[in-house]
Structures are given as structure tokens and as C-alpha cells.
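Atoms considered below: every heavy atom in the structure, side chains included; atoms not considered: hydrogens, waters and symmetry mates. Letters A, B, ... mirror the listed sequences (proteins, then strands); counts begin at 1.
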There are 4 protein chains.
Amino acid sequence: MAKQPNPARRSQRSRQAILTAARELVSEVGYAKLTIEAIATRAGVGKQTIYRWWPSKGAVVLDAFLALSESGPDQDMALPDTGDLKADLRVVMRATVAEFADPAFEGPIRALNTEIINDPALAAQYREKLAGPVDEAKKARLRSAQRAGQLPPDADLDLALELLYGPFYQRWLLRSGPLTPQYADALVDAFLKAMRPDIGGSAH
Amino acid sequence: MAKQPNPARRSQRSRQAILTAARELVSEVGYAKLTIEAIATRAGVGKQTIYRWWPSKGAVVLDAFLALSESGPDQDMALPDTGDLKADLRVVMRATVAEFADPAFEGPIRALNTEIINDPALAAQYREKLAGPVDEAKKARLRSAQRAGQLPPDADLDLALELLYGPFYQRWLLRSGPLTPQYADALVDAFLKAMRPDIGGSAH
Amino acid sequence: MAKQPNPARRSQRSRQAILTAARELVSEVGYAKLTIEAIATRAGVGKQTIYRWWPSKGAVVLDAFLALSESGPDQDMALPDTGDLKADLRVVMRATVAEFADPAFEGPIRALNTEIINDPALAAQYREKLAGPVDEAKKARLRSAQRAGQLPPDADLDLALELLYGPFYQRWLLRSGPLTPQYADALVDAFLKAMRPDIGGSAH
Amino acid sequence: MAKQPNPARRSQRSRQAILTAARELVSEVGYAKLTIEAIATRAGVGKQTIYRWWPSKGAVVLDAFLALSESGPDQDMALPDTGDLKADLRVVMRATVAEFADPAFEGPIRALNTEIINDPALAAQYREKLAGPVDEAKKARLRSAQRAGQLPPDADLDLALELLYGPFYQRWLLRSGPLTPQYADALVDAFLKAMRPDIGGSAH
DNA sequence: ACGTAAACGAGACGGTACGTCAAGTCTTTCT
DNA sequence: AGAAAGACTTGACGTACCGTCTCGTTTACGT
């Protein structure tokens with residue numbers, strides 16, 4: 001049985017250096033060309049210190065980005081809620097679109113997604129730490145809309161989020177079209193129509 | 001300047017052996033553990049013959065799958081068109097969902113998607129050779145629906161396809177939910193509602 | 001600037017395995033067909049471990065033979081000195097001739113000489129580590145003969161060694177004649193005559 | 001049984017181009033870095049044309065140098081014979097020393113010697129075509145000296161040549177000393193002394 | 001405050017695969 | 001049919017990293 005290291009004795013100095021080095025390097029050379037050796041060298045750290053605390057390259061990079069969000073203990077990821085659902089969603093989607101169109105942001109996120117796609121364990125961690133809370137915030141806004149009668153009370157919110165973000169995610173990942181504010185608006189419009197209750201007389 | 005090899009002299013024997021070996025190996029060991037050396041060995045081919053004709057591992061694998069579709073000169077990828085759009089789309093989406101849930105199929109496709117996400121050049125080739133024709137077939141069915149008055153004549157069909165497939169693609173890639181026939185139906189329903197024209201009095 | 005490995009951490013186990021494997025292989029397949037990869041495999045060692053410590057194939061082989069002589073810290077390479085120069089030299093030359101006629105010995109030595117001829121750096125190392133001490137022992141015997149009045153006191157000993165060994169070296173390298181005890185004796189005789197002082201009246 | 005090519009149909013154009021290219025390249029990059037491919041390319045010739053007519057790289061290079069001497073049908077390689085053996089040998093040895101000290105000359109010759117040392121077949125060809133005739137010319141001069149009473153009539157001329165050239169060959173190959181006119185003279189002196197008959201009173 | 005056990009930096013190790021190079025063979029095309 | 005052109009299989013090259021495994025050297029408890 002392998003001996004587990006004692007987290008209490010973990011060097012925070014080394015941990016921070018590794019995460020910072022990982023973030024820098026993934027930006028400089030891209031995820032595919034990122035190596036553990038390079039991270040260790042850049043961080044001034046022994047390779048073993050990385051292998052001791054992380055199971056894979058992907059885990060280090062994920063942690064590197066998680067660490068960014070750790071600054072504020074419970075950072076405000078709540079969506080705007082003015083009462084106008086369409087307007088609020090447009091604001092959010094336009095911001096999202098802009099964020100993913102930013103070259104500095106997209107490289108690492110794209111790399112992370114690549115890993116997540118192929119590594120279920122990493123995906124679970126990602127969902128729990130990053131995507132989960134964000135999705136919860138989105139669903140909170142949708143629930144508010146349900147209470148306001150702007151969405152059907154029995155709507156499947158997980159499916160709803162997929163309808164809203166799935167098309168965008170696909171376009172972004174596959175680079176199959178431009179990411180513009182107009183596109184964001186079109187997605188919101190389509191989403192709201194899709195969420196409307198069935199109309200009497202929608203013959204077959 | 002590097003000298004280009006002459007495609008006219010290319011050995012079809014070697015080409016087929018390489019593509020077959022690539023297909024087999026990607027199924028056996030997965031894309032990540034697939035190596036050029038293993039392909040060459042399995043194919044009974046020199047490594048240089050692979051490097052001569054393909055720029056990357058991803059290109060070989062893509063070609064390996066493209067070659068599968070080359071059998072029929074214009075294989076029938078047309079969607080069913082019974083006149084009942086909803087029924088036809090349900091058939092198609094249920095089949096798609098089943099296909100992507102099949103473990104034998106999903107491994108290589110997932111691997112290919114990973115590569116495409118990070119390699120724009122590969123993505124372009126993929127779009128041109130595989131996704132393009134398929135999308136065209138789908139749009140043909142939607143145009144037929146437009147002519148039948150089941151979809152607005154001015155609908156953006158690229159966006160339409162994204163609305164229909166994007167949610168599914170995201171759920172599949174991120175494994176964020178089950179891929180069931182019910183899910184397929186729900187996507188079709190939401191899609192059709194999203195495509196309906198605006199209704200008078202949709203006070204935002 | 002390339003980082004130098006730390007010799008203090010060098011694995012003596014690996015070093016010995018490499019030198020032994022090199023010696024074996026050079027005997028089995030000859031120097032020309034000797035490869036670093038084969039040495040590494042035979043020694044159960046990573047290629048990098050060879051590249052880390054030796055600059056070239058020749059250096060490994062040279063070291064392999066040097067290591068043989070390292071057994072005794074200062075092995076006795078002194079030549080016999082019975083007082084009878086001609087008899088002593090005959091013993092030495094006959095032994096040398098026999099040694100170089102031995103097929104087991106000649107292969108590696110021939111290989112080493114080939115390398116030395118084309119690689120001045122290797123030659124310098126060879127001279128310093130192997131040939132130098134041996135030559136010094138030979139010159140010691142000749143100096144003893146000078147003190148005994150058997151050789152002129154002002155004789156150029158480097159030239160003398162060349163006169164004695166050069167003909168033999170040439171015949172061995174080029175395989176231009178048989179290496180027999182008689183030949184050894186003839187060389188000694190010629191050498192001694194060549195070293196005699198000029199005789200009065202040797203009209204040019 | 002391998003089919004032999006028909007020498008009658010051999011292209012002299014290609015042969016000359018190959019030999020010239022070989023000579024040029026061995027001067028430019030040295031023998032070790034000389035490749036068949038480079039010769040073929042430089043000569044504007046298919047690789048097979050080289051493999052068809054020569055068994056090895058060494059054979060091509062040897063032929064390349066032999067071809068140089070083929071210009072004159074029986075080129076004058078006779079040694080000077082003024083009647084003064086010592087003077088004649090000094091002239092010859094000084095010329096030899098100068099020739100081998102010339103950097104332009106020494107590279108290819110050194111390379112050729114390396115090959116010859118390890119390839120008995122090549123050595124035989126070399127001896128027959130190049131060294132043989134030259135040695136014969138040298139022995140002719142020594143025979144003339146025998147007739148003139150300057151050398152013992154029963155002297156072993158093969159051994160004699162070895163005594164004269166062996167030391168020089170060794171010094172040149174191993175770079176173990178300077179190649180000067182004084183050195184040439186010293187060799188001639190030592191050689192002549194070694195060839196003198198035994199003197200009465202050479203105790204034991 | 002001190003001794004000790006841990007985590008640490010450093011980096012050598014046995015390996016795998018890389019992408020390149022040249023060898024020698026085989027095939028196609030041209031003359 | 002010989003020769004050019006050049007694609008082919010083979011296999012060694014030297015490099016880059018992998019993940020594991022010592023080495024001393026801090027570091028920070030628990031006495």
C-alpha cells in the first residue's frame with residue numbers, strides 16, 4: 001500500500017509556484033506542449049513534488065484555474081435579476097460570448113475542455129468545483145423566472161441550460177461560426193421560444 | 001525548400017494498411033495511447049511512409065474514418081422525409097443518440113473531436129469531408145419542411161442545426177446526462193418550438 | 001549552456017553494465033555494426049544514460065577497454081630487464097606479435113584504431129590513458145640500455161620506438177604480411193642495427 | 001542467383017559523374033559524412049546505378065581515386081635513381097612527408113585507410129591497384145641499389161619497405177609527431193643503418 | 001531547543017516515442 | 001534493357017519526457 005503524504009505538511013510555497021508556473025506555461029506553449037518537467041523547472045520545484053500531489057497534468061492545470069477563483073471565499077457568481085428575463089439573459093450570453101472570444105481566455109479553457117472530454121475523473125472534478133456552482137447560479141435565475149411566471153413551473157432546468165448553452169458551446173468548440181452579440185441574442189430568443197408552453201392547435 | 005513526394009507514385013497498398021491499422025489500434029488502445037510507431041508496425045510499413053503523407057497523428061485517424069465513407073461514391077446520407085417533420089426528426093435524433101451511446105463508436109469519435117477542437121487545420125478538413133456533407137443533408141430536410149410550411153421560410157438553417165444538435169453534443173461530450181430516446185424526443189420538441197414564428201403578444 | 005550531469009550521482013552499476021556490454025558486442029558484431037541502442041539494451045540501461053556520460057560510440061568502446069586495465073591501480077607494465085637488450089626485446093616483440101595475431105584481441109583493437117585515426121579527440125584520450133603509459137615503460141627499458149652502453153646516450157627514444165613498432169603496426173593494420181616470431185626477431189635485429197652509432201667511413 | 005549487369009552497356013557518363021561527385025563530396029564533408037544518396041544526387045544519377053556497380057561506399061571512393069591515376073596509361077611512378085641511394089631516398093621521403101602533411105590530401109587518404117583497415121576485400125583491391133605498383137617501383141630502386149652494392153643482395157625488400165615507411169605511416173596515422181623534412185632524413189638514415197650487414201664483433 | 005521524520009530540490013535512472021536520416025530494395029517511367 | 005527517379009521497409013540516430021527512485025537539505029513537529 002502506497003504511503004499517503006501528509007497534507008498538513010504540504011508546502012504552500014511550492015503549491016503556489018506550481019500553479020502559477022502551470023498557468024503561465026499553458027498560456028505560453030499551449031496545453032499539448034505543456035510538460036510536467038517544464039512546470040517543475042519553472043516553479044523551481046522537484047518533479048516528485050508535483051507527482052506527490054497531483055495525479056495528472058490535467059489535474060494540475062485544472063487546479064491552476066480553480067485556484068484563480070479561490071481568491072474570494074464565495075465569489076459572486078449570481079446572475080443579474082432585474083425581473084426582465086430576456087434582458088438579463090441577453091446580458092449574460094453576450095458576456096459569455098465575449099469571454100470565450102477573447103484569445104487570452106480561450107486557449108486554456110479550450111485545453112481544459114479537451115482534457116475533460118477524455119478524462120471522466122477530471123470531468124467530475126471540473127463539474128463539482130467549477131461548472132456545478134456556475135450552473136447552480138444559472139438555474140437560480142431560471143427558478144426566479146418560474147416564480148415570476150415567465151417560464152413554465154415544470155420546466156426541466158438542466159435541459160433548459162443545455163438548450164441555451166449547448167449551441168454556443170458547439171459553435172465555440174468547433175469554431176463553426178462567429179461569436180457575436182447578435183448570435184448571443186439569437187440564442188436567447190430561440191431559448192425563450194423553446195421554453196414557451198405548447199400552444200393549443202399546434203396540429204401535429 | 002522541402003521536396004514534395006509525388007502522389008502519383010503513392011503505394012495504395014501501404015495507404016490502406018496504414019488506415020486499417022490506425023482504425024484497429026484506435027479501437028484497441030484509444031486515441032491517446034495510439035502511436036505512430038505502433039501504426040507503422042501493425043501496418044508493416046516504414047514510419048517514414050506515414051510521415052511522408054500525413055502531417056500528424058490526428059490526420060491519419062481522420063483519414064482512417066474518412067476512408068470508411070469512401071466506399072460508396074455518393075453514399076445515401078439523406079434524411080427520411082415522410083412529410084411529418086417532427087416524426088422524421090425524432091427518428092433521426094433517436095438514431096443519433098443511440099449511435100453516440102454505443103461504446104464501440106464513441107471512443108474513436110470522441111478522440112477525433114478532441115483533436116479537432118485543438119487543431120483548426122484538422123477541423124477544416126473534418127468539416128469539409130465529413131461534417132459538411134452530413135450537415136447539408138440535414139439542411140436539405142429542413143428546406144423541405146420550409147417548402148411544406150412547417151418551418152419559417154426565412155429561418156437561419158445553420159443556427160437551426162445548432163439548436164437541434166448543440167445541446168446533444170454538449171451532453172455527450174461532457175457526459176452531463178443520459179442519452180435516451182426520451183431525451184432525443186425532448187430535443188426535437190424544443191427545437192420545433194424554438195423555430196415557431198413569434199406569436200403576437202409575447203410581451204417580453 | 002548545457003547542464004552537466006553530476007558525476008557524484010553516477011550509477012556505477014550502470015557504468016559497468018555499459019562497458020561490459022560494449023566489450024561483448026564489439027567482439028560479437030564488430031565495431032562498425034555496433035550501435036548505441038544495442039549497448040543500452042544489452043546493458044539494461046536507457047540510451048540517455050549512455051549519451052549522458054559519453055560523447056560518442058568510440059568513447060564508450062575506448063572506456064570499455066580502459067576499464068579492463070583499471071583492475072590493478074598501477075598494473076605492472078614494466079618490460080623485462082635482464083641486461084640483455086636484444087633478448088628482452090625479442091621476448092617483448094614476440095609477445096606483442098602473438099597478441100595482435102590473436103583473433104579475439106585483434107577485432108576490438110582494430111576497431112579502436114580505426115576510430116582513433118579519424119577522431120583526434122579520441123586519439124588524445126587514447127594516448128594519455130593507454131598508449132602513453134605503455135610507451136613510457138618501453139622508453140624506461142631503452143634508457144636502461146642507454147645506461148648500460150647498449151644504445152647511444154643521445155638516441156631519440158620516440159623515434160626509436162617508432163622504428164621498432166612502426167613496421168609491425170603497418171603490417172598488422174594493412175595485413176600486408178604474416179605476424180610470426182621470426183618477423184618479431186627480424187624487427188628487433190633491424191632496430192638494433194639502426195640504433196648503432198655511425199661507423200667511421202660510411203661515406204654517405 | 002542474382003542477375004549480373006552487363007558491363008558492356010554501362011554508361012560511362014554516369015560512371016564518371018559518380019566518381020567525380022564522390023571525390024568532391026569526400027573533400028567537402030569528409031568520408032564519414034559521405035552518403036550514397038548525396039553522391040547519387042550530386043551525380044544526377046539513381047541510387048540503383050551506384051548499387052549496381054559498386055558493393056560499398058568504400059569501393060566507390062577507392063575507385064574515385066584510382067580513376068585519377070588512370071589518366072596516363074602507365075604513369076611514371078619510378079623513383080629517382082642518381083646512383084646515390086641516400087640522396088634519392090631523402091628526396092622521396094621528403095616528398096612523401098610533404099604530401100601527407102598537406103591537409104587537402106590527407107583527408108581522403110586517411111578516410112581510405114580507415115576503410116581498408118576494416119575491409120579486407122577493399123584492402124586487396126587497394127593493394128592490387130594502388131599500393132602494389134607503387135611498392136614495386138620502390139623495390140625496383142632498392143634492387144638497383146643492391147646491384148650497386150649499396151644494399152646486401154639478400155635483403156628482404158618487403159621488410160625493407162616496412163622499415164622505411166612503417167614508422168612514418170604510424171606517426172601519420174596516429175598523429176604522434178610532426179612530419180618534417182628532418183624527420184624524413186632521420187628515417188632514411190635509420191633505414192640505411194638497419195640495412196647494413198652485421199658487423200663483426202657485434203657481441204652476442 | 002532539539003531530534004527526527006516529513007516534505008522538499010535536484011536530478012539520475014530505465015523506458016517509450018518522437019521525428020529525421022540513410023541504407024539498400026523495389027517499382028515505375030522514360031529513353 | 002539500362003538508367004532516372006523516387007517511394008518503399010528497415011532500423012539507428014539523438015532528443016524530449018515520462019514516472020520512479022535515490023540523494024542530501026530544509027522545515028516544523030512532538031517531545
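- Below the 3.5 angstrom threshold, one finds no donor paired with an acceptor across the side chain of B:Gln48 and the base of F:dC8.
- Note: CD (A:Gln16) to P (E:dC8) measures 13 Å, nearest angstrom.
- A donor N or O paired with an acceptor N or O is not found under 3.5 Å between the base of F:dG6 and the side-chain atoms of D:Lys47.
- Applying the 6.0 Å contact sphere to CZ of A:Arg13 captures no more than 12 heavy atoms from other residues, nucleotides or ligands.
- Separating the CD1 atom of C:Ile18 from the C1' atom of E:dG14 is a distance of 11 Å, rounded to the nearest angstrom.
- Listed for the B:Arg52 side chain is no donor-acceptor partner under 3.5 Å among the backbone atoms of B:Lys47.
- With A:Lys129 contributing its side chain and A:Leu62 its backbone, the two residues share no donor-acceptor pair below 3.5 Å.
- Checking the phosphate oxygens (OP1, OP2) of F:dT9, a side-chain nitrogen or oxygen of B:Ser14 falls inside 4.0 Å.
- Looking at which nucleotide of DNA chain E each of B:Lys33 and A:Pro7 is closest to, the 5′-most match is held by A:Pro7.
- Atom CG of D:Leu34 is separated from atom P of E:dA22 by 11 Å (rounded to the nearest Å).
- Rounded to an integer number of Å, the gap from CD of B:Gln12 to P of F:dA7 is 14 Å.
- The base of E:dC21 does not come close enough to the side chain of D:Glu37 for any donor and acceptor atom to sit less than 3.5 Å apart.
- Atom CZ of B:Arg52 is separated from atom C1' of E:dA22 by 13 Å (rounded to the nearest Å).
- Comparing E:dC13, E:dA12, E:dC8 by their nearest atom to the side chain of C:Ser11 picks out E:dC13.
- Between the side chain of B:Arg9 and the base of F:dA5 there is at least one donor-acceptor pair of N/O atoms closer than 3.5 Å.
- The listed nucleotides are E:dA7, E:dC13, F:dC13; the one nearest the side chain of C:Trp53 is E:dC13.
- For E:dG14, the OP1/OP2 oxygens have a side-chain nitrogen or oxygen of C:Thr49 closer than 4.0 Å.
- We find that CD1 of C:Ile36 is positioned 18 Å from P of F:dG11, with the value rounded to whole Å.
- Protein atom CZ of C:Arg42 is 16 Å distant from nucleotide atom P of E:dG14, rounded to whole Å.
- Ion pairing between D:Arg23 and D:Glu28 fails under the 4.0 Å rule for side-chain N and carboxylate O.
- Under a 3.5 Å cut-off, the side chain of A:Thr41 and the backbone N or O of A:Glu37 do form a donor-acceptor pair.
- Atom CD1 of A:Ile50 and atom P of E:dA10 are 12 Å apart (whole Å).
- In terms of position on DNA chain E, the residue among B:Tyr51 and D:Ala38 whose nearest nucleotide sits closer to the 5' end is B:Tyr51.
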